[in-house]
2 protein chains.
Amino acid sequence: MASGGRVGITDVAKRAGVSVTTVSHVLSSRRPVAEATRQKVLRVIEELDYRPNEVARSMRVQRTSTVGLVVPNISHPFYTAAARGLEDALRPEGYHCIVTSTDADRDVERDAVRQLLSRVDGFVISGADKRTEDIQPILDAKLPLVMLGADIPGPGFDVVTNADFESGSLAAQHMLERGHRRIAFITAEDDFAAGARRVEGYRSALDKAGLSTEASLVIRAAASLEGGAKALANLRKLAEPPDAVICVSDVMAIGAMYAAREAGLRIPEDVAVMGFDDTEAAALVAPPLTTMATASRDHGRKAGELILRRIQDGTADVEPQRVVFPAKLIQRESTLGRWRGLLRVLPGRERRLLARLG
Amino acid sequence: MASGGRVGITDVAKRAGVSVTTVSHVLSSRRPVAEATRQKVLRVIEELDYRPNEVARSMRVQRTSTVGLVVPNISHPFYTAAARGLEDALRPEGYHCIVTSTDADRDVERDAVRQLLSRVDGFVISGADKRTEDIQPILDAKLPLVMLGADIPGPGFDVVTNADFESGSLAAQHMLERGHRRIAFITAEDDFAAGARRVEGYRSALDKAGLSTEASLVIRAAASLEGGAKALANLRKLAEPPDAVICVSDVMAIGAMYAAREAGLRIPEDVAVMGFDDTEAAALVAPPLTTMATASRDHGRKAGELILRRIQDGTADVEPQRVVFPAKLIQRESTLGRWRGLLRVLPGRERRLLARLG
DNA sequence: ATGAAAGCGCTAACAG
DNA sequence: CTGTTAGCGCTTTCAT
């Protein structure tokens, strides 16, 4: 038995009276082994409760069956779901996933990448707004890379992202269809690429509708409940306040809803509110929040598929792919009230609510 | 240069005109190296952009600097936060964390553990209600183990858990203090250990208050929004419905709140509602939900500290520890309305709300 | 159908 | 202060 007390392949070989080569081949089926021998080896493996040392294996085959997931914060709902999706894709291939949160700190991120460079077969990275220098070490090491929510294109890596422009545009259209004409947009101060694209989409939709986008209707605030609340309060001070507000995230939208309630406004009658992401909270607030969904788990799953493709094909000769998930409206109660025709098509609860509103 | 194109320690040694031993010691500082030599080696390392191969290192030192986190579902808020806490504890020590979701499937869990057994230095495991057989392979392999939220004690592993009994008891006391006397408890169908302990705590508190705990006031439902809603609807059908409801999780509590609203009940005047966990949603619903907090991130962090301790001390001779986090009440608006004295001590928003209620 | 032996890249005795 | 060398446990040529 190996010194440490752990059973090694040589222990199995000895006890089975065969060479380690044979044991290895029984396990890998990479060359035929006489049935009798095979049975014997398998029995000994059972007896000794032998399990191959994956680290030694990794070293020999130069493959770790692990990918590194580097995100700002694993406890943010988007990344959590993405992590789960990544797992979904990796498990069937026997791959694992090392998770690292960087708190959007560049130094932490750089360290994390350096540390993982020799421990993983590829990286899935997401950060607000990546620049080439951040990912260069990965490309230098010729390691497969997939970026989540990035704006920059390859070469050398794939991108999985959201149709943010379209998403912002659809959000605005949704408000327009409901008869709103003064539609505000509350966005985050630490502007991430996706947020900027959403604002652009919103602007474009208003343009197409022949509405000029007043600068005062697009305002920034902290990416938090409080931020959303303050932003709404500020919008209320305008000479002509908006009758609809689109917020760049659900959490800000919920903050805005609080502020609206405090101001005695009814939602959606006095002011309609929308968010982005379709986080769990969106369905739970009162009234339930209309939001543009982000299929975060799917993002992660797709990233997993892409990274596996790169790992298997060798990263060099793989054409960079850019996967864009379509925008999807989740219609709830925070944006009803104008289009009465909805009464016909709504599910029970929403209909009852509308009826109650008279 | 090593065959694969990657720079190895021998490449550095050759180019610096020293032995690999010296390079190794420059990196590890485990024995003195002449300053001149050191500088030279460091320069070459820089030039070649050499980074040690961690897999080879792991193999040599028999340590992977990785722990396996095995949970039912990483995208559940509790585990997400715990994962983050675990990371917090591991990063300073240069440790990483491989995450695996089992969907509470025993086979998946067993496979995950088997696969990771030789890749990690220890395990942090959480599952509804672990039994010895599930963790035996880990103990057999003499690997450090910490269980999250487990009911069973060591030996051979540490446990990090919540003061669930106390927590359930405090929840009930909170309701009692507010003058409620018919206090119901909605718990989950797939009863997990923590849930059972919470119910017991609730019973104990009512007993102490001299109230008999009517069996009909403790009911089970699916661990979901819908489950909570149905449970509340059922409670309403009782000859004498409760005026307070404690739910074993926030999500069920929020479901119950929906159902209460539908039934035309005011919260907390007609029925007070409490949850457990203090998930993000709890603060966001209307009215904001009073809940018993679970310091999930702290749980993870503590688990990290314990596992590192075991890894460093060698798991055998470490006395099993059981860390219990205290119960903590997060007072919000879903349980006000009885104790008028509160008006004096409440922060602005709650006070205003109370005032409005008259 | 099976084995012997050469490493994968690193660390740590042991030896100067 | 520095170097030589023997593995860690496995896979995989190359032989037989």
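Throughout, protein chains are lettered first and strands after them, A, B, ... in sequence-line order, and every chain is numbered starting at 1.
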Hey, what do you get for CD1 (A:Ile311) to CD (A:Glu93), rounding to the nearest 0.5 Å? 10.0 Å

Parallel, tilted or perpendicular, judged at 30° and 60°: which one describes the rings of A:His299 and A:Phe78? perpendicular

Do other residues, nucleotides or ligands put more than 12 heavy atoms under 6.0 Å from the CZ atom of B:Arg322? yes

Listed nucleotide nearest any side-chain atom of B:Val18, set C:dG3, C:dG9, D:dG3: D:dG3

I need the CG-P distance between A:Leu48 and D:dG9, as an integer number of Å. 14 Å

Closest to side chain of A:Met59, choosing from C:dG9, D:dC10, C:dG3: C:dG9

Starting from P on C:dC8, measure out to CD on B:Glu54 and report it in whole angstrom. 19 Å

From the list D:dT12, C:dG3, C:dT11, which nucleotide is the closest neighbour of the side chain of A:Val61? D:dT12

With the side chain defined as heavy atoms from C-beta on, A:Pro52 is closest, among C:dC10, C:dG9, D:dC10, to D:dC10

Within this structure, what is the CD1-to-P distance between A:Ile9 and C:dA4, rounded to whole angstrom? 14 Å

Closest non-hydrogen atoms of A:Ser101 and A:Ile74, given as atom of the first, atom of the second and distance, are OG-N, 3.0 Å

Quick test of your reading of the model: are A:Lys302 and A:Glu305 salt-bridged, counting only N-O distances below 4.0 Å? yes

At a heavy-atom distance below 4.0 Å, what parts of residues 25-45 of chain A sit against DNA chain D? A:His25, A:Arg30, A:Arg31

Between atom NZ in A:Lys14 and atom C1' in D:dC10, what is the gap in whole Å? 15 Å

Take A:Gln62 and B:Arg6, measure what side-chain hydrogen bond (donor to acceptor under 3.5 Å, both in side chains) needs, and give me the verdict at the end. CA-CA 11 Å; A:Gln62 304 283 71; B:Arg6 249 190 77 75; over 6 Å; no

With a cut-off of less than 4.0 Å, is there a side-chain N or O of A:Thr21 near OP1 or OP2 of C:dG3? no

Phosphate-side-chain proximity, A:Gln62 and C:dG9, N/O vs OP1/OP2 below 4.0 Å: yes

Tell me whether the side-chain N/O atoms of B:Ser24 come closer than 4.0 Å to OP1 or OP2 in C:dT11. yes

Side chains of A:Asp121 and A:Thr64: any donor to acceptor distance under 3.5 Å? yes

Separation of B:Asp11 atom CG from C:dC10 atom C1', in whole Å? 13 Å

Between B:Arg57 and C:dG9, is there a contact of a side-chain N or O with OP1 or OP2 at under 4.0 Å? no

Heavy atoms from C-beta onward define the side chain here; which of D:dG9, C:dT2, C:dC10 lies closest to that of B:Ala56? C:dC10

